[in-house]
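Order of appearance sets the numbers: ligands from 1, and atoms from 1 within every ligand.
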Amino acid sequence: MATVIDGKAVAQTIRSEIAEEVRALSQKYGKVPGLAVVIVGNRKDSQSYVGMKRKACAELGIKSFDIDLPEQVSESDLIKQVHQLNVNPDVHGILVQLPLPKHINEEKILSEISLEKDVDGFHPLNIGKLAMKDRDPLFLPCTPKACMELLSRSGVSIKGKKAVVVGRSNIVGLPASLLLLKADATVTIVHSRTTQPESIIREADIVIAAAGQPMMIKGSWIKPGAAVIDVGTNAVDDPTKKSGYRLVGDVDFEEASKVAGWITPVPGGVGPMTVTMLLHNTLEGAKRCFEKNH
Ligand code: NAP
């Protein structure tokens with residue numbers, strides 16, 4: 001049976017480490033890190049993610065700046081807001097919750113965020129540096145960073161290993177594959193047009209699943225002893241639950257946990273780590289800023 005990687009527990013350990021560093025910064029500089037979380041509109045899922053992020057800030061002593069804008073806000077007003085946050089010295093990280101309403105160009109907004117405050121790591125320059133040899137981005141995207149942290153804190157070695165990333169999105173699959181490559185894995189990316197994904201995944205020592213396809217990856221697709229990080233978070237109908245649904249990953253956990261060496265559960269794996277990495281990025285941004293201005 002695989003070792004189940006407890007993302008909640010790892011996240012709690014890292015949060016304590018962050019809280020300790022925030023206290024130390026406050027003593028040394030008389031200032032704390034600040035994170036601006038911008039939300040446009042009333043999407044329920046976005047509001048719940050934003051609520052989690054703001055609550056986590058409060059718990060760790062990070063100051064949160066709450067910017068709530070109406071659904072109809074114009075692109076130019078949103079850009080103005082981002083520019084104000086860019087020059088606010090108490091803000092060290094800016095997060096614009098995605099998706100944005102259709103009338104706003106997401107790419108344009110993300111490019112307006114100051115590189116030094118791009119705690120989501122989605123600025124094209126940060127992603128570009130992630131893709132280049134001997135370049136270091138200022139921030140790593142939170143979910144891929146969470147996957148790498150879970151692997152390293154579980155003692156999974158990456159150098160020289162075969163890794164397969166399932167999914168190639170800008171926010172998870174692509175940056176996860178770049179991080180694995182930087183860590184000296186040999187990386188293959190599987191996507192929706194890949195033929196016979198199971199034969200490719202079966203070769204992998206490390207699998208990062210981020211396809212958004214409930215329980216697509218079966219136990220028989222996993223190499224015995226492999227490390228499996230399941231990013232997928234999919235709601236499937238479940239009449240036995242009060243809510244009428246439950247969350248499952250992209251991996252069939254019951255089957256795969258009998259074959260893998262390590263595996264993350266859904267929920268309780270990558271999810272709690274992603275918000276923690278956002279807080280970690282905010283801390284890093286603040287440290288760079290305090291040191292520069294000291
Ligand atoms: P996305 O933008 O929809 O991208 C999905 C990727 O998976 C695409 O590259 C797509 O390929 C690929 N794909 C779709 N069906 C496939 C199939 N049958 N076989 C192989 N590849 C397939 O999704 P995302 O934003 O990356 O998110 C992926 C999953 O992670 C979702 O379940 C999401 O809820 C979850 N997530 C979790 C966290 C967390 O913190 N735990 C954070 C972010 C996302 P094409 O490029 O060819 O279309």
Side-chain angles (χ1 to χ4, degrees), residues 4-11 14-15 37 43-46 48-53 55-56 95-100 106-107 110 119-122 127 130 139-151 163-180 187-204 207-218 220-222 228-236 245-253 256 263-281:
V4 177
I5 301 174
D6 184 346
K8 256 192 188 164
V10 179
I14 299 175
R15 285 184 189 204
V37 181
R43 274 181 70 118
K44 279 235 155 55
D45 54 346
S46 293
S48 116
Y49 294 138
V50 162
M52 267 187 322
K53 290 165 187 173
K55 184 165 162 265
L95 176 141
V96 177
Q97 184 65 42
L98 302 178
L100 289 167
E106 188 175 294
E107 188 181 347
L110 295 182
V119 280
D120 249 344
F122 293 157
I127 294 281
L130 182 60
F139 298 101
L140 299 177
C142 300
T143 304
K145 178 170 166 165
C147 297
M148 298 302 282
E149 197 67 35
L150 286 173
L151 287 170
V164 170
V165 179
V166 187
R168 55 175 166 180
S169 72
N170 288 338
I171 61 168
V172 192
L174 182 70
S177 67
L178 296 171
L179 274 171
L180 287 162
V187 184
T188 307
I189 303 174
V190 165
H191 50 76
S192 69
R193 309 297 158 91
T194 304
T195 52
Q196 297 188 319
E198 60 272 38
S199 62
I200 299 170
I201 294 168
R202 213 173 276 130
E203 298 264 294
V207 178
I208 295 188
Q213 301 294 320
M215 298 199 280
M216 172 187 117
I217 299 172
K218 305 294 170 200
S220 61
W221 298 22
I222 302 293
V228 179
I229 305 292
D230 191 356
V231 180
T233 313
N234 312 291
V236 295
Y245 73 90
R246 71 192 156 94
L247 292 180
V248 299
D250 288 351
V251 177
D252 186 324
F253 181 86
I263 190 165
T264 57
V266 176
V270 179
M273 282 292 288
T274 296
V275 177
T276 306
M277 293 300 104
L278 171 70
L279 304 170
H280 190 259
N281 279 351

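Between Val96 and Asp120, the shortest heavy-atom distance links the atoms O-OD2, 4.3 Å. When every heavy atom of Val248 is checked against every heavy atom of Val266, the shortest pair comes out as C-CG1, 3.7 Å. The two atoms that bring Val10 and Met273 nearest to each other are CG1-SD, 3.9 Å, heavy atoms only. Phe122 approaches Leu110 most closely through the heavy-atom pair CB-CD1, 4.0 Å. Nearest heavy-atom pair across Ala11 and Thr276 is CB-OG1, 3.5 Å. Of all non-hydrogen atoms in Leu279 and Ala56, the two that sit nearest each other are CD1-CB, 3.7 Å.
With contacts defined as side-chain heavy-atom distances shorter than 4.5 Å, the pair Asp250/Asn234 qualifies. Contact check for His280 versus Glu149: no side-chain heavy atoms found under the 4.5 Å cut-off.
Within the listing of ligand 1, atoms 5 (C), 6 (C), 7 (O), 28 (C) sit less than 4.0 angstrom from a heavy atom of Ala210. Residue-ligand proximity, Val172 to ligand 1, at heavy-atom distances under 4.0 Å covers atoms 26 (O), 43 (C), 44 (C). Ligand 1 places these atoms under 4.0 Å from at least one heavy atom of His191: 11 (O), 19 (N), 20 (C), 21 (N), 22 (C), 47 (O). Taking every non-hydrogen atom of Gly167 and a distance limit under 4.0 Å, the qualifying atoms of ligand 1 come out as 6 (C), 7 (O), 9 (O), 12 (C). Every atom of ligand 1 is numbered from 1 in the order shown, and the set under 4.0 Å from a heavy atom of Val231 is 30 (O), 35 (C), 36 (N), 37 (C), 38 (C), 41 (N). For ligand 1 and Thr274, the ligand atoms under 4.0 Å from any heavy atom of the residue are 39 (C), 40 (O). Listed by atom number, the atoms of ligand 1 under 4.0 Å from Ile171 heavy atoms are 25 (O).
Distances shorter than 4.0 angstrom occur between a heavy atom of Gly271 and an atom of ligand 1. Ligand 1 is approached by Thr143 to a heavy-atom distance shorter than 4.0 Å.
Nearest-residue assignment for atom 5 (C) of ligand 1 (options Pro267, Gly212, Ala211; heavy-atom criterion): Ala211.
Heavy atoms of Asn234 found under 4.0 angstrom from ligand 1 belong exclusively to the side chain. The side chain of Met216, and not its backbone, has at least one atom closer than 4.0 Å to an atom of ligand 1 (non-hydrogen atoms only; side chain from C-beta on). Contacts between Thr233 and ligand 1, counted as non-hydrogen atom pairs separated by less than 4.0 Å, involve both the backbone and the side chain. Of all the heavy atoms of Gln213, the ones lying under 4.0 Å from any atom of ligand 1 belong exclusively to the side chain.
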With side-chain contact (heavy atoms from CB on, under 4.5 Å) as the test, would you mind laying out the steps for Met277 and Met148 before giving the verdict? CA-CA 11 Å; Met277 293 300 104; Met148 298 302 282; over 6 Å; no
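Checking only distances, Ser192 does come within under 3.5 Å of ligand 1, N or O to N or O. Considering backbone and side-chain atoms together, Asp250 places no N or O closer than 3.5 Å to any N or O of ligand 1.
Distance check for atom 45 (P) of ligand 1: a protein heavy atom is found below 4.0 Å.
Side chain of Arg246 to main chain of Val236: no donor-acceptor pair is present (N/O by atom type, distance under 3.5 Å, no hydrogens or angles).
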